[in-house]
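Step one of this worksheet: look at the structure below.
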Protein chains: 4
Amino acid sequence: MRFFSDNAAAVHPAVFKAMAEADRLDTAYDGDAWSKRLDAAFSALFEREVTALWVTTGTAANCLALAGLVPPHGGVLCHREAHIQVDEAGAPEFFTGGAKLLLVDGPGAKLTPQALEEARGRIRPDVHQVQADALSITNATEYGLVYSAAETAALGAWAKSHGLGFHLDGARFANAVASTGASVADLTWRAGVDALSFGFVKNGGLSAEALILFDPALADGIRRRRKRSGHLLSKGRYLAAQLLAMVEDDVWLNNARAANAAARRLAEAAGERLVYPVEANEVFLKVSAAEAAALRAQGFDFYDWGVGEARLVTSWDQDMAAVETLARAIEGL
Amino acid sequence: MRFFSDNAAAVHPAVFKAMAEADRLDTAYDGDAWSKRLDAAFSALFEREVTALWVTTGTAANCLALAGLVPPHGGVLCHREAHIQVDEAGAPEFFTGGAKLLLVDGPGAKLTPQALEEARGRIRPDVHQVQADALSITNATEYGLVYSAAETAALGAWAKSHGLGFHLDGARFANAVASTGASVADLTWRAGVDALSFGFVKNGGLSAEALILFDPALADGIRRRRKRSGHLLSKGRYLAAQLLAMVEDDVWLNNARAANAAARRLAEAAGERLVYPVEANEVFLKVSAAEAAALRAQGFDFYDWGVGEARLVTSWDQDMAAVETLARAIEGL
Amino acid sequence: MRFFSDNAAAVHPAVFKAMAEADRLDTAYDGDAWSKRLDAAFSALFEREVTALWVTTGTAANCLALAGLVPPHGGVLCHREAHIQVDEAGAPEFFTGGAKLLLVDGPGAKLTPQALEEARGRIRPDVHQVQADALSITNATEYGLVYSAAETAALGAWAKSHGLGFHLDGARFANAVASTGASVADLTWRAGVDALSFGFVKNGGLSAEALILFDPALADGIRRRRKRSGHLLSKGRYLAAQLLAMVEDDVWLNNARAANAAARRLAEAAGERLVYPVEANEVFLKVSAAEAAALRAQGFDFYDWGVGEARLVTSWDQDMAAVETLARAIEGL
Amino acid sequence: MRFFSDNAAAVHPAVFKAMAEADRLDTAYDGDAWSKRLDAAFSALFEREVTALWVTTGTAANCLALAGLVPPHGGVLCHREAHIQVDEAGAPEFFTGGAKLLLVDGPGAKLTPQALEEARGRIRPDVHQVQADALSITNATEYGLVYSAAETAALGAWAKSHGLGFHLDGARFANAVASTGASVADLTWRAGVDALSFGFVKNGGLSAEALILFDPALADGIRRRRKRSGHLLSKGRYLAAQLLAMVEDDVWLNNARAANAAARRLAEAAGERLVYPVEANEVFLKVSAAEAAALRAQGFDFYDWGVGEARLVTSWDQDMAAVETLARAIEGL
């Protein structure tokens, strides 16, 4: 019974089915019939014209977006524990040509306009210091917290007031949407977001993430950078088909709801043990080493997260019986 | 009846089957059971220990290899019409941090030690000019010519005598193997190759290419660069499974043989019309505009290639009846 | 009697004098009184508002300009023998973050709109090929030819018609101005030039070149890149003072006239031996090995330039007696 | 009476004299007689063979060294307030091709093996996180503290035990040498330092810093990167002459002693007001806004340094009468 990571989960059947249907001769790269349907499919979802590009990883989506938003001599305001800072092996620096991540603090890896204002205020505007050119947030955050539409809009307003681009790392954006009940439009472009890394792989996809561009001026450069970074697959139709399958029947949303529900059940069981409120599909738990061992002895797999904490992640296909068993095991600690 | 590109072909059934079998919970990235079998599977094929990494594109394979072989201030000797120079949107410059491609001429996009010696001789060894640090060749070449094991070894010996790394772009390496009948070992590391981009996607794969490293010193850095460039997919098992399916029952070789056979049939029909000898799965044909139109009127699709030339590419799944029809149509021009 | 390179010449006395006058306590970097006078001094010279930045090398001036004009995924059209391609060790690739130089041919390293149109026409506008974003020319060229104001304007019009930035490498711009008699304005911004590397070091300066920006939108980014590339010296006043000394009393123009005059005398002597017309301060001469040896035996130093050619460069401080002696020696061959 | 920055000071007469003596025809770049003497002059000073390269800024020296020590996907451990992190506009990221600075804490911008061990321990060794490849320290630190030879050796031993390169930013290395009384050898290569940025400009130089390489394997690559970054001046003899003048008669050491003595006098006067012990030529003082205003009213110029603090920097040519006046003014607060 594994609660390691939503990356480890299997693929939703609709995704495999769509790939099989795409298994026929068509034009290479993104000239095929499936890739050409992406803009329309995502424009419908987002209630406005968008450019939707398939890429194979969240890292590629994030860093292509950042490369479009900041010059090589620029900077990106983000949380000190943001995935782009901690877990992407310097990909932002690579894709942007050496831009600097300007780190900001906040509980649960969540940023506020106040924290950003303070951080930006510490940067001298002279040529000796790297200036902020963009803001990047993660929704849901690395600790499973969620930005509401209003919170996102407040950040977007702050970013615009300083002339900054606004990127949203949505590796678990589906979970944030399911959690808030807000529309994808309210959580993104209506809140000022310029580019969204819309994650599907953790949520039942196989190898396709979507990079959604709300600012049309970004599209040409990012398309070129996608090729230049080796991310323009020659048989792109198999990626496009995955995204279409996930989007067209709300598979993405239903999957996220299932994962969130599993996490909520664990959260109820955890009670005072929770390190953060559970707002998406991640549960951070205070457990002693002995308690962690006890859970593992009952067959539950999960990561330790620093001393005295454990991270449980639920997936779209989580077996609810296993969740219930784990919930009771936690209650019984 | 399309003879556009082997990129456009469908996926071999064994590849889909293997992906379906990999569709279960496992560790993310390349910690899964399938990814862990890659080194052994390719080591068996290559008759020595190798490091085998999945990536999703030939551009990524090529440029990760080059980044491992040359410093940012270095240079790569390659043919003036090499894919890395002409069709990768500056990816070599991006991945290497700005290294320079040092262009060499030769008929059919094929290089010789003589041509390389002459090109290298034109570079002053001072700090004002970019020096050559590696050699990159393509086998089969961009014009469908093949380097024999002996030709490759001669290039490898030349490269080593000047302290250069040696990269082989093998987007159509399978076709070269099928064509020469040489072992993969003789065409690579026994000939001095340090890193091979082993193409599978044009040859029946879906989204997995293999980067084969013969120099173990390259592995750690290239693994890190794979992540840093956004090419470490979280559900890597679906890529590894593709490669294993292609390699384990000689699917790759049988597919290449089929494509080559189709091309040979067209070559026989073309006779004096051939621009280059047909040694792999590409046929470059001298045809007038009227003749090209006549072929298209009969339902054949292909690219014009400059004025008075056409490129026909055969695939692993080429319908031999269509090939025969096309062959006769060419004969009938 | 050395005719190696104008880089080897001594420094004009006015330059040293100005540096000595600047030898007092002042604000660091470019906040000092001398640096602050640069914009005005060069604006007067160019008959419009310009931004003038000191840098220490032509390579830095050229590549900072290019970095401002093209994105990392972009390209720069330039001559195949341009200094940025041949003699800057990959600096354009480094400063731009991996942009590609797109090489164009033309006699004497000189470009024409026709040659550029043809070169640009060979680039497919798709994402697989690097596109042209800027044009860079050298005046005087690497072979001592000069672009007239009209020729420059024709190139500028062509560049603008394709949306390209326009950079002028003016390592020997002073010699071009002296040669054409045109105003610096006519040879630059009135002809569509966006950024000029205005060389002083070959022309009597010590360590200061000027980067002149006609497009105000370039200034902020290039100022930041100057610092980021280590080119913002802390005692900038000693650089600014050099430039002011060179500009304020037409020292730059008089020096260039002297060097050009010396070259003209050699050109008269050379007659049919000239490889190119002598329009600035470089003389390319057809000489046999025996003739070259004979000249060297008489005490003249110069570079061989390929087989059967020699390059003679005259400087601002060339001893006219030595020039006359050399002229006669050439006539006497 | 300015105590702003040692960057603002004038140039030592010996430096100007040496430049005047170098004002004659010689080979360009670093082929001249002065540049060729550098290795020997610095080898004598350092009691072993070294490679000594002139560059024009500390930023260039620092970042060329780092580019030689870490791969683009690597990391540099340094203090959170190190100049390379705070005041070089992202130059380390630019020169290294996007390496990451890995920030470590410690009072007075000083690092210890313990702090480094702890910081390194927080980096997972997997491919998702940037690994440490080098250590960079500043001596004297950004707050005027000094590493002794023993402290440096302890850091060097720690670095070597983890396979890290070791860079020393010595913008005020002369002051550290003067302060410790240790030999330059003991403070560098005997302590494990691989590359030293040896600052001269703050200490009486005009535009020449020295990059000293103790690891001969670094030399070729860094020479190429110096050219590639636009830092190979064509009239290099004027830089080399500056360094020779500073080194050959201990001008550098006498200048540093003078600056340190001035700072010590201020430190005595400051007593309890000192934020850090004064070990070199910087004095950080606790002063109220009113007190700062009072000092300024008496004609003293200096920077505020955060709230309630001021920074005073003394120079090689500081007028000791002014120092005495300031010392008494501080005592009188």
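In what follows, chains are A, B, ... by sequence order, proteins preceding strands, each numbered from 1.
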- Message: For K36(D), I'd like to know if atom NZ has over 12 heavy atoms of other residues, nucleotides or ligands within 6.0 Å.
- Response: no
Looking only at A67(B), P71(B), G98(B), the option with the highest number of non-hydrogen pairs under 4.5 Å against chain D is G98(B)
For residues 195-203 of chain D against chain B, heavy atoms under 4.5 Å, the residues are none
### Task
Check the surroundings of atom CD in E117(B): do more than 12 heavy atoms from other residues, nucleotides or ligands lie under 6.0 Å from it?
yes
Listed by number, the residues in residues 211-242 of chain D that come under 4.5 Å of chain B (heavy atom to heavy atom) are G221(D), R223(D), R224(D), R225(D), K227(D), R228(D), L232(D)
